[in-house]
Amino acid sequence: MPAARESLLDAAYAALARRPWSAVRMVDVAAAAGVSRQTLYNEFGSKDGLARALVRREADGYLAGVDRALTGHSDLRDRLSATAEWITSAARENALVRAMLTGCWSERLPSPALSAVPSASAVPAQRRADGPLPSPGDFVALVRDRAVTVLAGPGTPKSDLARSCELAVRLALSCVAAPPGEGGVADLVHSVLQEEAG
């Protein structure tokens, strides 16, 4: 991603932390990024294009965190617990991630359409931002499938593993809506997966 594009997305994210998306002005985003307003429009086309790219970047960051959580431990339950903890912490710390995972877009946030937007842009990253955005159900499937790919060992029944992975993801999402008490999400996932296995 070119430096100007990343700077613009950083500036848009920072502006969103201070005010509702409807009050974020393109001229202010460009100034904060140290580029001209024309550069901003050349890169994203419109405020909606900027919003779509920002949401897409946050989705990519979320999924990269999932990948890190899945490879950080040796035990399957520990990996799924770490992934569940990542899901809940990412949603707690990032309003865009929370909205993507739950489908609850507040009026403070941009709420780009989930369907693809026609684009004539020759910039590959722009076309990608114009593609369809994942729905909450898509995110469950994406994380489940990534987990199965990382965790599947020789002789592991993939259907059982997929069920356990999806269960861990859905437990994490329930903890986003209603945070767990003592022990947190990791203990919850560990105990449910242990019951599932036993």
Side-chain angles (χ1 to χ4, degrees), residues 1-72 83 86-147 149-150 169 173 176:
M1 183 176 289
R5 184 178 181 85
E6 191 64 28
S7 294
L8 286 163
L9 291 172
D10 289 343
Y13 187 82
L16 182 60
R18 293 187 305 272
R19 62 180 79 81
W21 184 251
S22 61
V24 171
R25 297 180 336 144
M26 296 288 272
V27 67
D28 296 334
V29 171
V35 301
S36 70
R37 190 171 57 171
Q38 188 58 50
T39 298
L40 175 58
Y41 280 100
N42 288 346
E43 196 63 46
F44 301 105
S46 66
K47 188 174 178 182
D48 186 54
L50 175 61
R52 292 178 69 75
L54 180 60
V55 170
R56 177 64 67 186
R57 182 184 76 163
E58 298 308 306
D60 290 346
Y62 163 75
L63 291 171
V66 165
D67 291 341
R68 285 189 304 274
L70 284 168
T71 58
T83 302
W86 165 252
I87 291 168
T88 57
S89 71
R92 185 174 45 252
E93 295 168 10
N94 187 320
L96 288 172
V97 169
R98 184 172 44 257
M100 285 184 279
L101 296 179
T102 63
C104 298
W105 294 87
S106 77
E107 49 230 21
R108 283 194 54 81
L109 301 175
S111 58
L114 292 176
S115 59
V117 174
S119 175
S121 173
V123 179
Q126 179 62 34
R127 277 199 306 273
R128 189 168 157 263
D130 288 342
L133 296 170
S135 69
D138 294 335
F139 276 109
V140 170
L142 282 167
V143 174
R144 179 201 62 220
D145 294 347
R146 284 171 184 244
T149 299
V150 169
V169 173
L173 291 176
V176 168

>> Less than 4.5 Å apart, side chain to side chain, heavy atoms only: is that true for Tyr41 and Met26?
In response: yes
> With sequence neighbours left out, what residues match Thr39 under side-chain hydrogen bond (donor to acceptor under 3.5 Å, both in side chains)?
Replying inline: Ser36
> Got a sec, which residues hit side-chain hydrogen bond (donor to acceptor under 3.5 Å, both in side chains) with Gln38, two or more places apart in sequence or on another chain?
Replying inline: Asn42
> Quick one: side chain to side chain contact (heavy atoms under 4.5 Å, CB included) partners of Ala147, sequence neighbours excluded?
Replying inline: Leu70, Leu80, Leu151, Cys165
Show me the donor-acceptor pairs, under 3.5 Å and distance only, between side chains in residues 12-22 and residues at least two apart or in other chains.
unit_1 : atom_1 : unit_2 : atom_2 : d
Tyr13  : OH     : Asn94  : ND2    : 3.4
Arg18  : NH1    : Ala14  : O      : 3.2

>> Return the CZ to CG distance between Arg5 and Leu40, rounded to the nearest 0.5 Å.
In response: 10.5 Å
>> With side chain to side chain contact (heavy atoms under 4.5 Å, CB included) as the criterion, how do Trp86 and Arg68 come out once you've worked through the C-alpha distance, each side chain's angles and the decisive distance to 0.1 Å?
In response: CA-CA 9 Å; Trp86 165 252; Arg68 285 189 304 274; 4.2 Å; yes
> side chain to side chain contact (heavy atoms under 4.5 Å, CB included) between Leu9 and Leu50: does it pass, once the steps are laid out?
Replying inline: CA-CA 8 Å; Leu9 291 172; Leu50 175 61; 3.9 Å; yes
>> Thr149: which residues meet the side chain to side chain contact (heavy atoms under 4.5 Å, CB included) condition with it, sequence neighbours left out?
In response: none
Return all side-chain donor-acceptor pairs below 3.5 angstrom for residues 137-145, not counting sequence neighbours, or 'none' if the list is empty.
unit_1 : atom_1 : unit_2 : atom_2 : d
Asp138 : OD2    : Ser135 : N      : 2.9
Asp138 : OD2    : Ser135 : OG     : 3.2
Arg144 : NH1    : Glu166 : OE1    : 2.8

>> Taking side chain to side chain contact (heavy atoms under 4.5 Å, CB included) as the definition, give me every residue that meets it alongside Ser106, ordered by chain and number, with sequence neighbours left out.
In response: Arg108, Leu109
> With sequence neighbours excluded, what pairs up with Asp67 under the salt bridge (charged side-chain N to carboxylate O under 4.0 Å, His left out) test?
Replying inline: Arg146
> Do you know the tightest heavy-atom contact between Val29 and Leu8?
Replying inline: CG1-O, 3.6 Å
> Taking it one step at a time, do Arg57 and Asp10 satisfy salt bridge (Lys or Arg N to Asp or Glu O under 4.0 Å)?
Replying inline: CA-CA 10 Å; Arg57 182 184 76 163; Asp10 289 343; 2.6 Å; yes
>> Filter on salt bridge (charged side-chain N to carboxylate O under 4.0 Å, His left out), then keep only pairs touching residues 29-38, sequence neighbours left out; what's left?
In response: none
>> Under the rule for side chain to side chain contact (heavy atoms under 4.5 Å, CB included), what residues qualify as partners of Thr71, not counting sequence neighbours?
In response: Val150
>> Quick check: do Arg52 and Ser46 have side-chain heavy atoms less than 4.5 Å from each other?
In response: no
> How far apart are the closest heavy atoms of Ala11 and Ala32, and which atoms are they?
Replying inline: CB-CB, 3.8 Å
> Which pairs with one or both residues in residues 91-102 pass salt bridge (charged side-chain N to carboxylate O under 4.0 Å, His left out), sequence neighbours excluded?
Replying inline: none
> Within a strict 4.5 Å, meaning less than it, do heavy atoms of the Pro110 and Asp48 side chains meet?
Replying inline: no
>> Arg25: which residues meet the salt bridge (charged side-chain N to carboxylate O under 4.0 Å, His left out) condition with it, sequence neighbours left out?
In response: Asp28
>> Show the nearest heavy-atom pair for residues Pro136 and Gly103, with the distance to one decimal.
In response: CG-N, 3.5 Å
